[in-house]
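Here's the structure we're looking at; comments come further down.
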Amino acid sequence: MSAYNIVSIAGSDPSGGAGVQADLKAFSAHGTFGMTVVTALTAQSTRGVTGVHPVPARFVAHQMDTLFADAAVHAVKVGMLGTSEVTEAVAEAIDHHALPNVVVDPVMVAKSGDRLLEASAVDALRTKLLPRADLVTPNLPEAADLLEEPEATDLASMRAQAWRLLELGPRRVLLKGGHLAGGESVDVLVSRDADPVEFRAPRVATRNTHGTGCTLSSSIAALLPQRPDVAAAVGGAKDYLTEAIRRADEIDAGGGQGPVHHFHAWW
Ligand SMILES: Nc1ncnc2c1ncn2[C@@H]1O[C@H](COP(=O)(O)OP(=O)(O)O)[C@@H](O)[C@H]1O
Ligand SMILES: Cc1ncc(COP(=O)(O)O)c(N)n1
């Protein structure tokens with residue numbers, strides 16, 4: 001029996017590498033029981049997103065109310081939200097159901113360059129959701145959009161932006177450096193209540209990085225109830241993800257940018 005129920009509130013990726021599909025795989029790999037609240041359907045493959053069909057906000061709220069009235073939830077990962085109405089519904093549910101260990105991955109644009117959040121919804125994400133997050137995990141373009149600043153180009157500007165993101169209200173910020181160049185991929189964790197920590201991993205030479213951000217945030221959510229503190233959960237998630245990227249070329253899910261290997265410890 002798994003002691004922990006972890007919920008992904010995110011979009012569907014039929015190709016299985018990102019969205020709720022990736023989250024369920026990561027939750028399972030970390031020995032937890034995964035649940036999902038779907039916020040949007042996408043038509044998507046390893047080559048890109050060809051369509052987005054948002055779920056009406058009222059029905060996203062209906063899914064959450066039905067699930068949270070029954071299941072004990074130990075952590076939540078929030079991914080693609082699509083619209084400002086859905087973003088606001090999720091923010092309300094976090095308060096109403098007093099959801100614990102809320103990890104927000106502020107998904108805006110897919111690796112393929114396709115938009116996954118309406119431009120008009122960035123404000124709702126910034127003002128309604130970020131202040132309710134225990135941890136927010138932007139990549140560099142998302143951090144720049146949230147701060148309305150140019151994108152960070154080195155570790156020093158990343159560190160400065162991580163602190164400014166903390167001023168938007170989340171309890172902690174993990175600013176991910178996957179989009180920078182260099183031999184190492186470095187993520188910066190800053191908190192209101194602990195010293196900053198940097199997580200370094202050798203940069204893997206592969207184009208198969210579809211869903212890395214989804215997989216990292218859902219792994220952190222799965223590990224938060226199992227590890228002594230947030231830095232330990234992020235470290236465990238980063239180690240798992242790095243190995244999943246290292247083994248990504250073993251999966252053949254299409255001819256574009258492929259997924260990472262969620263079950264590298266088993267197959
Ligand atoms: N080629 C790579 N090798 C190793 N780690 C990577 C690589 N690309 C991304 N990462 C790591 O994957 C995670 C997601 O990174 P990033 O690409 O910045 O976010 P997103 O997937 O949201 O765009 C981060 O921990 C980052 O350091
Ligand atoms: C449903 C959904 N959610 C999130 C992502 C982002 O993942 P990535 O940035 O790796 O494309 C995605 N492509 N699809």
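Both ligands and their constituent atoms are indexed starting at 1 by order of listing.
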Shortest reach to [atom] by a heavy atom, considering only [options]:
atom: atom 24 (C) of ligand 1; options: Ile245, Asn208, Asp187; result: Asp187
atom: atom 6 (C) of ligand 2; options: Gly17, Ser8, Cys214; result: Cys214
atom: atom 4 (C) of ligand 1; options: Cys214, Ala205, Pro202; result: Pro202
atom: atom 14 (N) of ligand 2; options: Gln44, Met80, Gln21; result: Gln44

Atom indices of ligand 2, in the order listed, that fall short of 4.0 Å to a heavy atom of [X]:
X: His210; answer: 10 (O)
X: Gly11; answer: 1 (C)
X: Ala18; answer: 5 (C), 7 (O), 12 (C), 13 (N), 14 (N)

Considering non-hydrogen atoms of the protein only, which is the closest contact for [atom], and what is the distance?
atom: atom 11 (C) of ligand 1; result: Ser185 OG, 3.8 Å
atom: atom 10 (O) of ligand 2; result: Gly211 N, 2.6 Å
atom: atom 11 (O) of ligand 2; result: Lys111 N, 3.0 Å
atom: atom 1 (N) of ligand 1; result: Val204 O, 3.0 Å
atom: atom 13 (C) of ligand 1; result: Leu241 CD2, 3.4 Å
atom: atom 9 (C) of ligand 1; result: Gly178 CA, 3.8 Å
atom: atom 22 (O) of ligand 1; result: Lys176 NZ, 2.8 Å
atom: atom 14 (C) of ligand 1; result: Thr212 OG1, 3.6 Å
atom: atom 23 (O) of ligand 1; result: His179 NE2, 2.7 Å

With rounding to the nearest 0.5 Å, note down the distance linking [atom1] in [X] to [atom2] in [Y].
X: Lys77; Y: Thr137; atom1: NZ; atom2: OG1; value: 7.0 Å
X: Ile220; Y: Asp105; atom1: CD1; atom2: CG; value: 9.0 Å
X: Asp193; Y: Arg172; atom1: CG; atom2: CZ; value: 5.0 Å
X: Leu216; Y: Leu174; atom1: CG; atom2: CG; value: 6.0 Å
X: Thr153; Y: His179; atom1: OG1; atom2: NE2; value: 14.5 Å

| Under 3.5 Å between some N or O of ligand 2 and some N or O of Leu116? |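 So ligand 2 has no N or O lying under 3.5 Å from an N or O of Leu116.
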| For ligand 1, is there an N or O atom under 3.5 Å from any N or O atom of Val186? |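 The answer is no, given that Val186 and ligand 1 share no N or O pair closer than 3.5 Å.
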| Does the N or O separation between Thr209 and ligand 1 drop below 3.5 Å for any pair? | no
| said: Taking 4.0 angstrom as the limit and counting only heavy atoms of Lys238, give me the atoms of ligand 1 inside it, by number and element. | reply: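 Atoms satisfying the 4.0 Å criterion: 25 (O), 26 (C), 27 (O).
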Can you give me the closest heavy-atom contact between [X] and [Y], atom names plus distance?
X: Gly11; Y: Thr39; answer: N-OG1, 3.3 Å
X: Ala18; Y: His210; answer: CB-NE2, 3.6 Å
X: Ser112; Y: Val49; answer: OG-N, 3.9 Å
X: Ala201; Y: Thr242; answer: CB-OG1, 3.4 Å
X: Asp145; Y: Arg115; answer: OD2-NH2, 4.4 Å

| request: Would you mind telling me which of Val7, Leu99, Val76, Val90 makes a side-chain contact (heavy atoms from CB on, under 4.5 Å) with Met64? | output: Val90
| request: Measure the distances from the heavy atoms of Thr242 to every atom of ligand 1 and state whether one is below 4.0 angstrom. | output: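 Judged by the 4.0 Å heavy-atom criterion, Thr242 does not count as contacting ligand 1.
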| Among the heavy atoms of Arg246, does any lie under 4.0 Å from an atom of ligand 1? | no
| said: Working note: Tyr240 + His264, criterion ring-ring contact (aromatic ring centres under 6.0 Å, His included); need CA distance, chi angles, decisive distance, verdict. | reply: CA-CA 9 Å; Tyr240 162 81; His264 55 75; 5.0 Å; yes
| field | Charged N-O contact under 4.0 Å between Glu198 and Arg159 | value |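 Looking at Arg159 together with Glu198, the answer is yes, because their closest N to O distance falls below 4.0 Å.
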| task | Using a 4.0 Å heavy-atom threshold (strictly under), name the region of Leu216 that reaches ligand 1: side chain, backbone, both or neither. | result | side chain
| message | As a quick check of understanding, evaluate side chain to side chain contact (heavy atoms under 4.5 Å, CB included) for Val109 and Glu142, giving each step before the final call. | response | CA-CA 8 Å; Val109 178; Glu142 289 157 355; over 6 Å; no
| query | Closer than 4.0 angstrom: is that true for some heavy atom of Gly79 and an atom of ligand 2? | reply |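 Checking ligand 2 against Gly79, which is what was asked, there is no heavy-atom contact under 4.0 Å.
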